[in-house]
Amino acid sequence: MWNFRVLFIRLSEDVSCVWRQTGAIFSNDCEHVENYAGAERSKITDKELQAFTEELLKKDVNNAAQHIQINYQGHTKSSSTSDEAPQPLIVIRSQALQIPTISKLRLLYDNYIRDAGINEYVTPAERAEENSLLEAFMATPVMKHTMNFLSNKDLMYVNRSINTIATV
């Protein structure tokens, strides 16, 4: 399981700290980042960025666009009383809802209270749904490629032994 409650803070060119969340308390631990604190940021060229984003499109096997149909139909004016678009504007085929990240996202829809004035209690089951969604996102080829790209550019540190991600 990935630990997403970690924040890598670059305070200056030579001072960086890792902040870990334990419950509601954050603590810092700077000794694990010594090798990365002095790392110089690499620049990404426009050509590299273009190649990276084109590769992301190729790797996006969870793209729901192939399961969505937009029906533009007839055009009308605001003063018209006739319906020139009898079909629904958007049709989403059921296959879109079977995409792992979308099916896990839909599980979260009932977890939140709409009234911002009411304090919410997050149950262990709700937290498990949130973690499951994050793990599904991280398991996609798009995220794996993005993490490798950023890591290779020294813009992100990934410690796979403890499944922690930190930005540099």
Side-chain angles (χ1 to χ4, degrees), residues 1-8 19-24 26 44-168:
M1 174 163 30
W2 287 91
N3 179 358
F4 290 96
R5 309 296 186 291
V6 173
L7 176 64
F8 186 100
W19 291 82
R20 288 185 173 81
Q21 183 180 11
T22 309
F26 280 90
I44 300 172
T45 66
D46 288 345
K47 192 173 188 174
E48 288 173 317
L49 189 57
Q50 180 180 3
F52 167 71
T53 55
E54 288 175 3
E55 191 63 28
L56 286 182
L57 287 173
K58 291 177 190 172
K59 291 182 177 298
D60 191 4
V61 296
N62 292 321
N63 189 337
Q66 61 188 325
H67 303 297
I68 298 172
Q69 177 185 343
I70 299 177
N71 299 319
Y72 293 105
Q73 303 168 66
H75 297 270
T76 188
K77 296 181 181 180
S78 61
S79 60
S80 176
T81 57
S82 64
D83 186 356
E84 300 296 327
Q87 301 296 316
L89 174 62
I90 299 174
V91 176
I92 301 173
R93 291 188 286 282
S94 62
Q95 294 94 326
L97 305 178
Q98 304 308 313
I99 295 172
T101 51
I102 292 175
S103 65
K104 290 179 186 302
L105 176 65
R106 294 183 70 207
L107 295 174
L108 300 181
Y109 288 164
D110 66 349
N111 290 2
Y112 304 100
I113 299 172
R114 292 182 184 200
D115 186 348
I118 297 175
N119 287 333
E120 292 189 43
Y121 171 74
V122 180
T123 67
E126 291 172 339
R127 183 69 66 207
E129 289 173 352
E130 292 169 356
N131 286 333
S132 179
L133 174 62
L134 291 174
E135 288 173 5
F137 284 147
M138 297 306 291
T140 63
V142 167
M143 284 305 296
K144 288 179 181 180
H145 183 67
T146 300
M147 289 171 42
N148 286 333
F149 177 80
L150 293 173
S151 181
N152 290 339
K153 294 294 180 183
D154 292 327
L155 296 173
M156 183 169 80
Y157 163 65
V158 180
N159 185 339
R160 297 192 193 287
S161 65
I162 60 171
N163 293 325
T164 301
I165 300 172
T167 58
V168 177

On a heavy-atom basis, which atom in [X] and which in [Y] lie closest, and how many Å separate them?
{"X": "Y121", "Y": "E126", "value": "O-OE1, 3.5 Å"}
{"X": "T76", "Y": "E84", "value": "CB-CG, 3.9 Å"}
{"X": "L108", "Y": "L133", "value": "CD1-CD2, 3.4 Å"}
{"X": "M143", "Y": "F137", "value": "CG-O, 3.0 Å"}
{"X": "Q73", "Y": "P88", "value": "NE2-O, 3.4 Å"}
{"X": "P100", "Y": "N62", "value": "CD-OD1, 3.8 Å"}

Should we count [atom1] of [X] as having more than 12 external heavy atoms under 6.0 Å?
{"X": "Y72", "atom1": "OH", "answer": "no"}
{"X": "D115", "atom1": "CG", "answer": "yes"}
{"X": "R93", "atom1": "CZ", "answer": "yes"}

Less than 4.5 Å apart, any side-chain heavy atom of [X] and any of [Y]?
{"X": "F52", "Y": "H145", "answer": "yes"}
{"X": "L150", "Y": "T146", "answer": "yes"}
{"X": "N71", "Y": "I90", "answer": "no"}
{"X": "K153", "Y": "E48", "answer": "yes"}
{"X": "K144", "Y": "K59", "answer": "no"}

Calculate, to the nearest 0.5 Å, the distance between atoms CG and CD belonging to L107 and E129 respectively. 5.0 Å

Rounded to the nearest 0.5 Å, what's the gap from NE2 on H67 to CD1 on I102? Could you check? 8.0 Å

Side chain to side chain contact (heavy atoms under 4.5 Å, CB included) test vs T140 passes for just one of D60, I99, T101, namely T101

Derivation of the side chain to side chain contact (heavy atoms under 4.5 Å, CB included) call for V91 and I68: CA-CA 6 Å; V91 176; I68 298 172; over 6 Å; no

